[in-house]
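Since this is a predicted model, take the numbers as computed values, not measurements.
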Amino acid sequence: GQKLEALKLQLSAETDLKDIEYLEVFSSGSNPEMEGAILVSSSKVTQKTLSLPCNTSLNAGENFIWLSCKLSSTANVQHKIGVQVEKAQI
């Protein structure tokens, strides 16, 4: 089967990197619910463009991938965080 090797992400210009402790990628396979999803990558955020290695198997058909952001303890809740997936490397 195929594998999701990595996700290339671009954070928006308005995103303050100090607000983010880390980003995580989860996979729930063909299940459209995040409950039961497995962690496939986690990374500190030091720049606005990053590639997260995932190395996770994909099911035939639809696959659900979730991106989670852990805010830092000093994050300003008035700020916005924008993330775009630029590339899913298979």
May I ask you to test the [X]-[Y] pair for a side-chain heavy-atom distance under 4.5 Å?
| X | Y | answer |
| --- | --- | --- |
| S43 | Y22 | no |
| I20 | T15 | yes |
| L4 | N63 | no |
| C54 | L7 | yes |
| I65 | V85 | no |
| N55 | E5 | yes |

Partner residues of K48 under the side-chain hydrogen bond (donor to acceptor under 3.5 Å, both in side chains) criterion, sequence neighbours left out: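 Applying side-chain hydrogen bond (donor to acceptor under 3.5 Å, both in side chains) to K48 gives none.
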
By side-chain hydrogen bond (donor to acceptor under 3.5 Å, both in side chains) - contacts of T46 (at least two apart):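 Here no residue qualifies.
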
Minimum heavy-atom separation for [X] to [Y], with atom names?
| X | Y | result |
| --- | --- | --- |
| D16 | H79 | OD2-CE1, 3.6 Å |
| V25 | L67 | CG2-CD1, 4.0 Å |
| E21 | K44 | O-CD, 3.4 Å |

Residue pair Q10 / T49, side-chain donor-acceptor N/O under 3.5 Å: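 T49 and Q10 do have a side-chain donor-acceptor pair below 3.5 Å.
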
Residues, nucleotides or ligands: over 12 heavy atoms within 6.0 Å of E62 CD: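 Check fails, neighbour count at 12 or below.
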
Neighbour count >12 (heavy atoms, 6.0 Å) for atom NZ, K3: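 Yes, NZ of K3 has more than 12 neighbouring heavy atoms, counting only those of other groups under 6.0 Å.
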
All pairs passing side chain to side chain donor-acceptor pair (under 3.5 Å) where residues 23-42 contributes a residue, at least two apart: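 The answer is S28-W66.
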
Rounded distance (nearest 0.5 Å) linking atom OG of S57 with atom CD of Q2: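 These two atoms lie 10.5 Å from each other.
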
